[in-house]
Amino acid sequence: MRAIEKYKINQNFIPNLPQIPFRKGVVQYEGVVMHATAVYNDTPAGERNYETTHFEDAFVHTFTDDTQILQVADFNYISWNAGHTANERYLGNELCQTHDHKKFLAAYDRWVWLAAYQLYQRTLDVIDNETLNSHLQCTEKWHESTHTDPIDYLAEHGKRWADVIQDVTKYYNQFLKEEVQTMTAEDANKLIEILKGLYNAGLAQDEVHRLANALRKASGQPLG
């Protein structure tokens with residue numbers, strides 16, 4: 001399985017959310033903000049249910065625990081998660097909290113994978129305090145909120161913000177590597193047909209044969 005297919009993002013949108021574009025337009029988010037919920041033993045479904053009746057105060061795009069990633073708001077539009085300036089730039093991802101370290105690790109892995117996936121979808125590099133932000137960093141940059149998550153919660157389980165940057169970057173680089181190595185059979189065969197024309201014309205036949213097999217291998221086909 002490819003790294004980008006490791007987890008599924010389940011969708012159950014909160015109804016009647018405002019649909020306000022990011023400052024650069026619909027779906028033009030510039031990064032993500034990483035949060036922790038401050039509620040132990042909560043679940044994505046429970047958090048969604050709460051926000052259904054409280055979204056006029058605040059809401060995020062996703063909740064993640066050890067069992068799932070739940071998207072509750074459209075990535076095309078802003079959420080109200082870290083103050084006005086951050087909201088118009090970034091997606092908001094909440095990590096549900098637990099005292100169980102094993103459950104934490106499972107949730108954490110989904111959470112960093114999600115951030116890498118979101119940045120990858122917009123071709124945004126992983127840049128600390130620019131495209132990848134903690135809520136604390138947003139508080140310190142713009143002073144539009146007072147929250148300092150997820151730093152203290154991560155520390156309870158032996159993680160630092162530097163680990164988040166490292167782990168998101170690791171997944172992001174895996175996605176890039178897969179993109180380079182993966183080719184559809186259809187595209188490969190189109191290129192092979194072009195190479196066959198060169199081969200039949202007697203041009204560098206050994207090299208054409210090698211390139212054709214490289215395309216077959218990249219697209220998961222048997223060698224010819």
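Just so you know, these numbers use all the heavy atoms, side chains as well, and skip hydrogens, waters and symmetry mates.
- In this model, a donor atom of one side chain and an acceptor atom of the other lie less than 3.5 Å apart for Asp128 and Gln137.
- Ring geometry for Trp113 against Phe175 counts as perpendicular: the plane angle is over 60°, on a 0 to 90° scale with 30° as the lower cut.
- To the nearest 0.5 Å, atoms CG (Asn129) and OG (Ser134) are separated by 7.0 Å.
- Residue-environment remark: CZ (Phe22) exceeds the threshold of 12 foreign heavy atoms within 6.0 Å.
- Between the side chains of Ser145 and His135, at least one donor N or O lies within less than 3.5 Å of an accepting N or O.
- Taking each heavy atom of His61 and Tyr77 in turn, the nearest pair found is NE2-O, 2.7 Å.
- Remark: Thr62 OG1 to His35 NE2 distance equals 8.5 Å, nearest 0.5 Å.
- Counting only heavy atoms from C-beta outward, the side chains of Val39 and Glu47 approach each other to under 4.5 Å.
- A donor-acceptor pair shorter than 3.5 Å can be found between the side chains of Asn93 and Gln118.
- Atom NZ of Lys103 has 12 or fewer neighbouring heavy atoms from other residues, nucleotides or ligands inside a 6.0 Å radius.
- Annotation: the span from His147 atom NE2 to Cys138 atom SG amounts to 12.0 Å, rounded to 0.5 Å.
- Looking at heavy atoms from C-beta onward, Thr98 lies in side-chain contact with Tyr153 at the 4.5 angstrom threshold.
- Considering every non-hydrogen atom in both Gln28 and Arg122, the closest pair reads OE1-NH2, 3.5 Å.
- In this structure, CD1 in Ile151 is found 5.5 Å from CG in Leu136, a value given to the nearest 0.5 Å.
- Around NZ of Lys141, the count of heavy atoms belonging to other residues, nucleotides or ligands within 6.0 Å exceeds 12.
- With no hydrogens or angles considered, a side-chain donor-acceptor pair links Asp109 and Tyr171 at under 3.5 Å.
- The closest side-chain donor-acceptor pair between Asp42 and Thr37 falls under 3.5 angstrom.
- Note that the NZ atom of Lys6 and the CG atom of Leu114 stand 13.0 Å from one another [nearest 0.5 Å].
- For the pair Arg48 and Phe63, the cation-pi test (distance below 6.0 Å, angle within 45°) is failed.
- When only modelled atom types and interatomic distance are considered, Asn81 and Ser79 share a side-chain donor-acceptor pair under 3.5 Å.
- Residue Phe13 qualifies as enclosed at atom CZ: its count of foreign heavy atoms under 6.0 Å is above 12.
- One finds the CG atom of Asn49 at 7.5 Å from the OG1 atom of Thr43 (value rounded to the nearest 0.5 Å).
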